[in-house]
Amino acid sequence: MPMGEPLLPIVAEITVDRPIERVWDVLVGAATLPKWLGAMDYHPKVGTTFFIQEDPERRAAGDTGGATHCDIKLMQPPHRFNFTWYVPGTPETLVQFGLDTEAASGTMVRLMHDGWDDFEREAIGDFYDQLARGWQNTVLPALKRMAEQS
């Protein structure tokens with residue numbers, strides 16, 4: 001993209017071959033979200049903060065140093081789950097999950113990661129691109145695998 005081009009919302013989608021209630025339970029479950037998202041200190045309640053620690057050793061040790069902070073903003077079962085995404089000292093972005101019934105037994109999961117207006121593409125372009133790939137190619141498939149188990 002040309003210099004100065006705004007960073008658009010990251011959008012990723014996946015279809016899960018399970019009913020919406022099952023997908024919701026895995027999406028926000030206290031035992032399941034930490035597994036598919038790599039989160040720590042997660043409690044499914046609006047207003048709580050959890051952490052996403054990329055470093056597996058630090059995550060295993062409960063170390064939140066360098067972790068992304070996430071504040072739960074909205075939980076509307078079984079359709080909407082929103083949380084902020086930030087590193088302290090930087091602007092907050094917003095991750096929004098939307099679930100919609102798809103065909104007979106499936107659920108469409110749509111993720112939108114928005115709020116990039118306060119960032120310069122030149123400063124975070126590589127991170128932004130890596131994050132977009134991660135949501136689509138790693139995180140959503142992990143959610144799908146977990147929801148479609150059993």
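This chain uses plain numbering: 1 for the first residue, then up along the sequence.
The closest side-chain heavy-atom distance from N82 to L94 is below 4.5 Å. Between V139 and L37 the shortest side-chain heavy-atom distance falls below 4.5 Å. Annotation: side chain of L143 is not in contact with side chain of I14 (no heavy-atom distance under 4.5 Å).
Annotation: salt bridge (Lys or Arg N to Asp or Glu O under 4.0 Å) contacts of D114 (sequence neighbours excluded): none. Checked against ring pair (Phe, Tyr, Trp, His ring centres under 6.0 Å), W36 has the following partners two or more places apart in sequence or in another chain: F97. Every residue two or more places apart in sequence or in another chain was checked for a side-chain hydrogen bond (donor to acceptor under 3.5 Å, both in side chains) with Q130, and none qualifies. Shown here are the ring pair (Phe, Tyr, Trp, His ring centres under 6.0 Å) partners of F83, two or more places apart in sequence or in another chain: F50, F81.
Clustering ILVMFWY residues whenever any of their side-chain heavy atoms sit less than 4.5 angstrom apart, transitively, puts V46 in the very cluster that holds W24. One hydrophobic cluster, built from ILVMFWY side chains closer than 4.5 Å, holds both W85 and L27. Cluster annotation: L8 and W135 are assigned to the same hydrophobic cluster (Ile/Leu/Val/Met/Phe/Trp/Tyr, side-chain heavy-atom contacts under 4.5 Å, transitive). Hydrophobic clustering keeps V95 apart from M108 (ILVMFWY residues linked when any side-chain heavy atoms are closer than 4.5 Å, directly or through intermediates). The same ILVMFWY cluster, assembled from side-chain heavy atoms under 4.5 Å apart, contains both F119 and F127.
Here the side chain of R58 pairs a donor or acceptor atom with the backbone of G65 at under 3.5 angstrom. Remark: side-chain polar atoms of Q53 are not paired, donor with acceptor, to backbone N or O of G66 under 3.5 angstrom. Judged by distance alone, with hydrogens and angles left aside, the side-chain atoms of Y42 form no donor-acceptor pair with the main-chain N or O of I52 at under 3.5 Å. H79 contributes no side-chain N or O that, together with a main-chain N or O of G98, makes up a donor-acceptor pair within less than 3.5 Å. Side-chain N or O atoms of R22 include one that pairs as donor or acceptor with a backbone N or O of A147 at under 3.5 Å.
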**Prompt:** Does the pair H43 and I72 meet the rule for a side-chain contact (heavy atoms from CB on, under 4.5 Å), with working shown?
**Reply:** CA-CA 9 Å; H43 304 283; I72 299 175; over 6 Å; no
**Message:** Under the criterion side-chain contact (heavy atoms from CB on, under 4.5 Å), I'd like the reasoning laid out for D100 against R110: C-alpha separation, chi angles, the key distance, then a yes or no.
**Reply:** CA-CA 8 Å; D100 291 300; R110 185 173 194 264; 5.8 Å; no
**Prompt:** Step by step, would you call I124 with L7 a side-chain contact (heavy atoms from CB on, under 4.5 Å)?
**Reply:** CA-CA 10 Å; I124 68 157; L7 291 164; 3.6 Å; yes
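What you find for E92 and Y86 is that their closest heavy atoms are CG-CD2, 3.6 Å. Taking both residues in full, the closest heavy atoms of P44 and A30 are given as CD-CB, 3.9 Å, listed atom of the first, atom of the second, then distance. In this structure, P91 and D118 approach most closely via the heavy-atom pair CG-CB, 3.6 Å. Taking both residues in full, the closest heavy atoms of P19 and T107 are given as C-OG1, 3.3 Å, listed atom of the first, atom of the second, then distance.
For the atom pair CD (E54) and OG1 (T68), the distance works out to 6.5 Å, reported to the nearest 0.5 Å. To the nearest 0.5 Å, atom CD of residue Q96 and atom NE2 of residue H113 are 9.5 Å apart. To the nearest 0.5 Å, the span separating OG1 on T101 from CD on E21 amounts to 7.0 Å. For the atom pair CE (M146) and CZ (R18), the distance works out to 13.5 Å, reported to the nearest 0.5 Å. Between the CG atom in L33 and the CG atom in D25 there is a gap of 12.5 Å [rounded to 0.5 Å]. Between the CD1 atom in I10 and the CG atom in L131 there is a gap of 4.5 Å [rounded to 0.5 Å].
Within the structure, salt bridge (charged side-chain N to carboxylate O under 4.0 Å, His left out) pairs that include any residue of residues 125-147 comprise K144-E148 (at least two apart or interchain).
Members clustered with M112: V11, by chain and number, using a 4.5 Å side-chain heavy-atom cutoff among hydrophobic residues.
Taking the six-membered ring where the residue is Trp, H69 and F51 present perpendicular rings, their angle passing 60° and hence far from 30°.
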